[in-house]
There are 2 protein chains.
Amino acid sequence: MFTIGQVSKMFHLPISTLRYYDKEGLFPNIQRASGIRKFSDAEIEALHVIDCLKSSGMEIKDIKQFMEWCQEGPSTYLKRKEMFERQKKVLEKELQELEKHMAMIQFKCWYYEQAITDGNEDHIKEMMPEDLPEEIQALYDRSRGSHEAD
Amino acid sequence: MFTIGQVSKMFHLPISTLRYYDKEGLFPNIQRASGIRKFSDAEIEALHVIDCLKSSGMEIKDIKQFMEWCQEGPSTYLKRKEMFERQKKVLEKELQELEKHMAMIQFKCWYYEQAITDGNEDHIKEMMPEDLPEEIQALYDRSRGSHEAD
DNA sequence: ACTTGACCTAAAGTTAGGTTTAGGCTCTAT
DNA sequence: ATAGAGCCTAAACCTAACTTTAGGTCAAGT
């Protein structure tokens with residue numbers, strides 16, 4: 001069992017945020033000892049899940065919904081599973097985007113390194129349609145994959 | 001050269017958002033023909049960069065700063081390169097988090113599949129400290145990697 | 001006795017990133 | 001010539017997710 005202050009340090013979250021989460025119904029079963037919140041394993045687990053679901057952009061109210069399902073017992077197993085499967089797809093898409101953006105950033109790092117070496121962008125821009133070093137070209141192409149291709 | 005409507009479709013961004021970006025100074029050199037914005041290659045490239053930088057959580061005002069550096073010419077090459085290098089680190093961290101969260105989601109998918117099969121969570125919870133199937137244990141462990149280990 | 005630290009609430013305030021509204025201009029096709 | 005499409009601005013509005021404020025309880029140490 002932990003106090004709000006301990007949990008705050010554990011998860012690097014302000015106390016005010018934990019209270020806000022509680023108020024929003026994210027710890028539907030939290031116990032209290034004369035008014036003071038007692039964070040048990042259930043709430044710690046909830047916070048891991050919150051971290052995970054928030055990272056894929058899920059809103060507080062939908063996370064709350066999940067927490068409510070957890071209260072309702074076995075009848076909601078399927079809903080809960082489906083929800084994680086949906087989130088899996090969201091994360092997969094996010095991962096793809098992230099890789100695209102990483103390629104662009106690597107390209108840009110190379111680009112500015114060259115520009116610094118050359119003192120200008122003229123040389124690079126001449127190469128730009130197709131005459132980039134193979135590896136760099138690959139980064140560039142990856143960084144624009146599918147903008148109209150969906 | 002494209003109109004705002006064409007660009008809106010190209011990037012799947014509302015027209016209002018493009019105008020907002022312009023107002024915030026993200027297209028510092030955009031040309032106009034009798035009041036109407038003309039999006040050239042420079043602005044299209046800017047939008048690719050905006051997409052990329054926004055995805056790592058960079059704020060509009062910092063993206064604006066970058067666009068201003070682009071206006072200032074060769075004297076800012078180093079700043080621009082350093083900025084992309086910082087963002088690279090941000091994305092790398094994001095990638096790590098994403099993988100952690102993916103592991104948790106996969107674990108949860110397995111968990112609820114089991115729960116549905118068993119009709120309850122009792123069996124799983126008994127296994128929970130250490131007796132999970134090896135592959136599942138690996139997911140679980142990855143999903144909690146480094147919460148106090150920093 | 002009193003100060004300090006850690007907890008509590010309700011309610012107001014903040015911020016970023018848009019979106020909507022209201023009004024107006026200018027082509028083009030009917 | 002008039003209706004519709006697509007462009008424009010300024011300014012008001014919106015929302016989620018917090019954060020801050022103001023005021024209060026309670027236990028431990030000095």
Side-chain angles (χ1 to χ4, degrees), chain A residues 1-40 43-44 46-68 87 90 94 97 101, chain B residues 1-40 43-44 46-68 87 90 94 97 101:
Chain A
M1 291 288 193
F2 305 96
T3 66
I4 201 168
Q6 292 170 322
V7 175
S8 161
K9 275 162 199 158
M10 234 183 263
F11 284 86
H12 310 115
L13 287 173
I15 289 177
S16 62
T17 300
L18 292 169
R19 293 213 259 253
Y20 166 68
Y21 287 170
D22 188 20
K23 200 174 55 176
E24 293 302 303
L26 264 39
F27 311 125
N29 208 26
I30 195 169
Q31 303 299 304
R32 286 169 183 253
S34 53
I36 290 170
R37 293 174 185 84
K38 309 289 272 172
F39 288 76
S40 72
E43 282 76 40
I44 300 298
L47 279 163
H48 281 294
V49 173
I50 290 165
D51 181 29
C52 173
L53 296 178
K54 265 176 56 71
S55 87
S56 46
M58 188 177 277
E59 289 175 26
I60 300 285
K61 69 170 190 298
D62 295 320
I63 301 177
K64 175 189 176 173
Q65 172 68 271
F66 170 74
M67 297 303 171
E68 277 164 7
Q87 278 325 99
V90 173
E94 234 172 66
E97 288 293 293
H101 294 142
Chain B
M1 291 289 192
F2 304 96
T3 67
I4 200 168
Q6 291 171 322
V7 175
S8 162
K9 277 164 198 156
M10 233 182 263
F11 284 87
H12 310 113
L13 287 173
I15 289 177
S16 63
T17 300
L18 292 168
R19 293 210 261 249
Y20 166 68
Y21 286 169
D22 188 21
K23 200 173 55 175
E24 293 301 303
L26 264 40
F27 311 124
N29 208 26
I30 195 168
Q31 303 299 303
R32 285 168 185 253
S34 50
I36 289 170
R37 293 175 185 84
K38 309 288 274 172
F39 289 75
S40 72
E43 281 76 40
I44 300 299
L47 279 164
H48 280 295
V49 173
I50 290 165
D51 182 28
C52 173
L53 296 178
K54 263 176 57 71
S55 87
S56 45
M58 188 177 278
E59 287 175 28
I60 300 284
K61 68 172 192 298
D62 295 320
I63 300 177
K64 176 189 176 173
Q65 172 68 270
F66 171 74
M67 297 302 171
E68 276 164 7
Q87 278 325 99
V90 173
E94 233 171 67
E97 287 295 293
H101 294 142

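Numbers restart at 1 for each chain; the letters A, B, ... are given by sequence-line order, proteins then strands. For the numbers below, each heavy atom of this structure counts, side chains included, while hydrogens, waters and symmetry mates do not.
A distance of 10.5 Å separates CD in Gln6(B) from CD1 in Ile15(B), rounded to the nearest 0.5 Å. Separation of atoms CG (Asp51(B)) and NE2 (His12(B)) is listed at 11.5 Å; rounding is to 0.5 Å. Interatomic distance, Ile50(B) CD1 to Glu43(B) CD, rounded to the nearest 0.5 Å: 9.5 Å. The distance from the CG atom of Leu26(A) to the CD1 atom of Ile63(A) is 6.0 Å, given to the nearest 0.5 Å. Residue Arg32(A) holds its CZ atom at 5.5 Å from CG of Asp22(A), rounded to the nearest 0.5 Å.
Listed pair Lys38(A) / dC8(C) fails the phosphate criterion, with no side-chain N or O lying under 4.0 Å from OP1 or OP2. For Thr17(B), a side-chain nitrogen or oxygen approaches OP1 or OP2 of dT19(C) to under 4.0 Å.
In this structure Phe39(A) satisfies the ring-ring contact (aromatic ring centres under 6.0 Å, His included) test together with Phe27(A), sequence neighbours excluded.
For Met58(B) and dA16(C), the CE to C1' distance is 15 Å, given to the nearest whole Å. Between the CD atom of Glu59(A) and the C1' atom of dT15(D) there is a distance of 9 Å, rounded to whole Å. Rounding to whole angstrom units, CG of residue Leu18(B) and P of dG18(C) are separated by 10 Å. Protein atom CZ of Phe2(A) is 18 Å distant from nucleotide atom P of dA6(C), rounded to whole Å. With rounding to whole Å, Leu53(A) atom CG is found 12 Å from dA17(D) atom P. Atom CD1 in Ile4(B) sits about 18 Å away from atom P in dT26(C), given to the nearest Å. The distance from atom CE of Met1(A) to atom C1' of dC7(C) is 17 Å, rounded to the nearest whole Å. Straight-line distance from the NZ atom of Lys64(A) to the P atom of dA17(D): 13 Å, rounded to whole Å.
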Derivation of the side chain to side chain contact (heavy atoms under 4.5 Å, CB included) call for Gln87(A) and His101(B): CA-CA 10 Å; Gln87(A) 278 325 99; His101(B) 294 142; over 6 Å; no
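Taking five base pairs at each end of the helix from dA1(C)-dT30(D) to dT30(C)-dA1(D) and finding the rotation axis that steps the C1' atoms of four pairs onto the next four gives two axes whose angle is 10°, to the nearest 10°.
Near DNA chain C, defined here as any heavy-atom distance below 4.0 Å, the residues from residues 19-34 of chain B are Tyr20(B), Tyr21(B), listed numerically.
With hydrogens and angles disregarded, no donor-acceptor distance shorter than 3.5 Å links the side chain of Ser40(B) to the backbone of Met1(B). Of the possible polar contacts, none joining the Glu59(B) side chain to the Gly57(B) backbone as a donor-acceptor pair under 3.5 Å is found.
With distances taken from any side-chain atom of Ile36(A) to the nucleotides dC8(C), dT9(D), dC7(D), the minimum falls on dC8(C). Of the candidate nucleotides dC8(D), dA17(D), dG17(C), dC8(D) has the atom lying nearest to any side-chain atom of Arg37(B).
Looking at heavy-atom distances under 4.0 Å, Ser16(A) makes contact with a base.
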